[in-house]
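These notes concern the structure reproduced below.
Just so it is clear, the structure is predicted and the values come from calculations on it, not from any experiment.
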Amino acid sequence: MLLALIIAAEIGFWVLLALGLALRYLARMPRTGLAVLLCEPLLEVVLLVATAVDLRDGGEPGWRHGLAAVYIGFTVTHGHYLVRWADARFAHRFAGGPPPVRPPRYGSARAAHEWRMSARAIGAAAIAAGLLQAAIWYVGDAGDVAPLRAWQSRMEYVAGLAVIIALGYTIWPKRPPKGAAEDREPAASAGRPQR
């Protein structure tokens with residue numbers, strides 16, 4: 001049941017995103033679209049509560065609980081980023097908004113972008129590890145928590161890999177082709193669609 005709920009939460013995320021953006025730009029109902037988009041965090045709350053209830057009702061701690069924690073962590077840190085990404089493209093395609101700002105491809109601007117993405121991944125891993133630790137304390141001596149600890153170890157690898165990728169772009173920055181100007185860091189507001 002928990003696995004089905006994780007899948008439903010993922011599908012629900014994309015359905016709410018598509019519905020919210022369609023209401024916002026196609027139906028010209030920006031407030032209603034925004035209200036739908038603001039419902040997205042409720043999916044994570046439902047999943048968190050369902051995971052706690054499953055553990056409370058004697059569910060054996062397993063990979064499903066770890067996957068739920070990882071899903072929540074990554075949705076918390078990457079959800080807003082994905083919504084902004086999709087919003088910029090939807091606004092450009094259907095509402096005459098400016099072209100979406102692409103991430104820089106070269107040099108220090110790309111390295112800075114990779115460090116921001118790394119910070120998101122580290123944050124997601126930390127949230128997941130924290131939720132897993134809470135589940136370990138919640139279960140206590142009543143069950144085998146080894147699968148939850150294994151997921152915590154995986155989160156250490158995720159954080160380490162994110163840092164290695166960002167370091168790679170910092171130490172060995174990709175150079176633009178000859179004759180092309182190096183990417184500059186876009187202004188903070190450049191990636192936001194006009195409303």
With a 4.5 Å heavy-atom cut-off, do [X] and [Y] have their side chains touching?
X: R102; Y: H113; result: no
X: F90; Y: L26; result: yes
X: M117; Y: I165; result: no
X: Y106; Y: P177; result: yes
X: K174; Y: R110; result: no
X: R93; Y: Y25; result: no
X: L55; Y: P61; result: yes
X: L67; Y: L3; result: yes

Can you tell me how far the [atom1] atom of [X] sits from the [atom2] atom of [Y], to the nearest 0.5 Å?
X: L132; Y: R154; atom1: CG; atom2: CZ; value: 10.0 Å
X: T51; Y: L2; atom1: OG1; atom2: CG; value: 4.5 Å
X: H80; Y: E40; atom1: NE2; atom2: CD; value: 11.5 Å
X: I122; Y: T77; atom1: CD1; atom2: OG1; value: 10.5 Å
X: Y81; Y: T75; atom1: OH; atom2: OG1; value: 15.5 Å
X: L37; Y: L19; atom1: CG; atom2: CG; value: 8.5 Å

How close do [X] and [Y] get, counting heavy atoms only, and between which atoms?
X: A86; Y: L21; result: CB-CD1, 3.7 Å
X: L5; Y: A50; result: CD2-CB, 3.1 Å
X: H65; Y: E60; result: CE1-O, 3.3 Å
X: F13; Y: Y71; result: CB-OH, 4.0 Å
X: A111; Y: T170; result: CB-OG1, 3.8 Å
X: V36; Y: L16; result: CG1-O, 3.5 Å

Linking I/L/V/M/F/W/Y whenever any side-chain heavy atoms sit under 4.5 Å apart, do [X] and [Y] land together?
X: F94; Y: W85; answer: no
X: I7; Y: L48; answer: yes
X: W63; Y: L148; answer: yes
X: L17; Y: L38; answer: no
X: L42; Y: V83; answer: no

So, the side chain of [X] versus the backbone of [Y]: is there a donor-acceptor pair under 3.5 Å, distance only?
X: H92; Y: P100; value: no
X: Q152; Y: A129; value: yes
X: R149; Y: V145; value: no

**Prompt:** D54 and R64: side-chain contact (heavy atoms from CB on, under 4.5 Å), yes or no, with the steps?
**Reply:** CA-CA 10 Å; D54 186 54; R64 300 173 321 277; 4.0 Å; yes
**Item:** CA sep, side-chain torsions, deciding dist, call: L131, W151, side-chain contact (heavy atoms from CB on, under 4.5 Å)
**Value:** CA-CA 11 Å; L131 289 173; W151 276 99; over 6 Å; no
**Asked** Going by the angle between their ring planes, with limits at 30° and 60°, are H78 and F74 parallel, tilted or perpendicular?
**Response** parallel
